[in-house]
K.L.:
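My questions will all concern the structure given below.
Computed over heavy atoms, backbone and side chain alike; hydrogens, waters and symmetry mates excluded. Position 1 is the first residue of the sequence, and the numbers go up from there.
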Amino acid sequence: GMGDDVNDGGQEQFRRELMAMVEAMPAFPESVHRIMSMASDMNCSPKDLVSVIESDPVMTMKILKMVNSAFFSLSRHVASVQHALVYLGLNTIKNLAISIATVDALPASSLDALSMRDFLAHSLATASVAQRLARSQLHLRDGSDHFVGGLLHDFGKAVFIRFEPTTYAEVLRQARERGVALSVVEAEYFGVSNSEAGALLAESWQLPESLVEGIRGYESLHADASDLAVTIAAANHLVKVMAIGDGGNPDVGTFSPLLAARLGADAPTLLAGLQDLPDEVAQIQGVVGG
């Protein structure tokens with residue numbers, strides 16, 4: 001197993017095994033890669049983007065289902081990708097496509113210690129809160145990059161669960177029994193914590209560098225942490241306090257002074273504004289499946 005010998009060569013060995021697992025994860029659909037590269041091109045014509053999305057009928061259906069859900073609460077029914085683009089903008093549609101592809105990559109089977117349904121609920125709740133914080137506290141007009149960051153922050157666990165389910169079940173059990181943070185036990189068994197695995201996964205999916213670094217850095221924030229790392233860290237903590245879903249980590253952590261300073265609010269203030277979150281998460285989960 002991966003946890004057998006940690007020595008000087010051990011770290012290198014861990015890294016190789018982790019990369020092999022990451023590379024064996026389901027690939028992003030070609031259509032999503034094309035959507036991402038077109039969305040980052042200033043000269044991209046919306047018409048071309050629409051035709052790329054429509055070339056993937058399943059993606060089209062899921063995007064329209066999501067756009068028409070209560071999550072967006074648009075005033076009218078949106079019947080086409082082109083209308084969706086007009087109402088929500090290119091970046092949001094791109095991030096919806098990424099989110100849908102991401103959820104499709106989750107392992108099909110749960111562990112006894114962690115159900116995929118609960119895992120998805122925790123991930124979606126973190127996504128939603130990260131996006132809300134980006135808008136309400138950081139005053140960003142489009143927080144959808146933060147939605148994706150929150151959604152993906154725990155996906156390193158999906159890598160471990162898919163390829164090392166027995167070992168990961170043991171990691172979850174130990175963290176609970178010892179009452180320590182999951183990352184501590186993950187490092188003992190896998191040589192890295194899930195946030196590093198998640199960053200490598202985001203990298204192999206060719207997601208933006210800012211997202212990769214946000215996932216890599218949110219667990220140990222420093223003074224010049226990115227906005228993305230800040231909203232992910234804060235959202236993850238708030239969602240754990242509210243106990244929506246389960247990311248498998250028994251350690252709720254703290255809402256650091258750094259988070260409060262960057263977001264201009266303390267945890268109780270932010271929690272007070274999240275009363276509708278459980279309903280919202282149930283709605284999104286109904287739309288994306290799981």
K.L.:
Could Asp276 and Arg132 be called an ion pair, given the rule that one side-chain N must be under 4.0 Å from one carboxylate O?
P.N.:
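Salt bridge present between Asp276 and Arg132.
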K.L.:
For the side-chain contact (heavy atoms from CB on, under 4.5 Å) test, which of Leu138, Val148, Ile215, Leu211 pairs with Leu228?
P.N.:
Leu211
K.L.:
With the threshold set at 4.0 Å, does a side-chain nitrogen-carboxylate oxygen contact exist between Glu177 and Arg173?
P.N.:
yes
K.L.:
Might you confirm whether atom CD of Gln283 has over 12 heavy atoms from other residues, nucleotides or ligands at distances under 6.0 Å?
P.N.:
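Above 12, so yes.
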K.L.:
Using 0.5 Å steps for rounding, measure from the CE atom of Met66 to the CG atom of Leu64.
P.N.:
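The CE atom of Met66 sits 12.5 Å away from the CG atom of Leu64.
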K.L.:
Determine whether more than 12 heavy atoms belonging to other residues, nucleotides or ligands lie under 6.0 Å from atom CZ of Arg16.
P.N.:
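Counting neighbours around CZ of Arg16, more than 12 heavy atoms of other residues, nucleotides or ligands fall under 6.0 Å, so yes.
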K.L.:
Decide if the gap between the ring center of Phe163 and the ring center of Phe190 is smaller than 6.0 angstrom.
P.N.:
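Not close enough - the centres of the two rings lie 6.0 Å or further apart.
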K.L.:
Which pair of heavy atoms, one from Pro107 and one from Ile161, lies closest together, and at what distance?
P.N.:
CG-CG2, 4.2 Å
K.L.:
To the nearest 0.5 Å, what is the distance between CD1 on Ile53 and OG on Ser31?
P.N.:
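Result: 8.5 Å between the selected atoms.
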K.L.:
Between atom CG of Leu172 and atom OG1 of Thr167, what is the distance when rounded to the nearest 0.5 Å?
P.N.:
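One finds 11.0 Å between CG of Leu172 and OG1 of Thr167.
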K.L.:
Is the distance between the ring centroids of His77 and His83 less than 6.0 Å?
P.N.:
no
K.L.:
Is there a chain of hydrophobic side chains (I, L, V, M, F, W, Y, each step under 4.5 Å between heavy atoms) that links Leu114 to Phe160?
P.N.:
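Yes, same cluster.
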K.L.:
Find the distance between CD (Glu23) and OG (Ser204) and round it off to the nearest 0.5 Å.
P.N.:
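Between Glu23 CD and Ser204 OG, I get 7.0 Å after rounding to 0.5 Å.
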K.L.:
Can you tell which of Thr92, Ile98, Leu96 makes a side-chain contact (heavy atoms from CB on, under 4.5 Å) with Lys94?
P.N.:
Ile98
K.L.:
Take a 6.0 Å sphere around CZ of Arg135 and say whether it holds more than 12 heavy atoms from other residues, nucleotides or ligands.
P.N.:
yes
K.L.:
Specify the closest pair of heavy atoms between Thr231 and Ala134, including all atoms of both residues, with the distance to one decimal.
P.N.:
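Here Thr231 and Ala134 meet closest at CG2-N, 4.1 Å.
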K.L.:
Would you compute the distance between atom SG of Cys44 and atom CG of Leu90 and round it to the nearest 0.5 angstrom?
P.N.:
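Those atoms lie 5.5 Å apart.
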K.L.:
Within the structure provided, determine whether Arg178 and Pro250 are in side-chain contact (heavy-atom separation under 4.5 Å).
P.N.:
no
K.L.:
Going by atom types alone, do Ser195 and Ser193 pair a side-chain donor with an acceptor below 3.5 Å?
P.N.:
yes
K.L.:
Testing Asn249, Asp251, Val185 one by one against Val180 for a side-chain contact (heavy atoms from CB on, under 4.5 Å), which residue passes?
P.N.:
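Answer to the side-chain contact (heavy atoms from CB on, under 4.5 Å) test with Val180 among Asn249, Asp251, Val185: Val185.
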K.L.:
Using a strict 4.0 Å threshold on nitrogen-to-oxygen distance, state whether Arg262 and Asp227 make a salt bridge.
P.N.:
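The answer is yes: the pair qualifies as a salt bridge.
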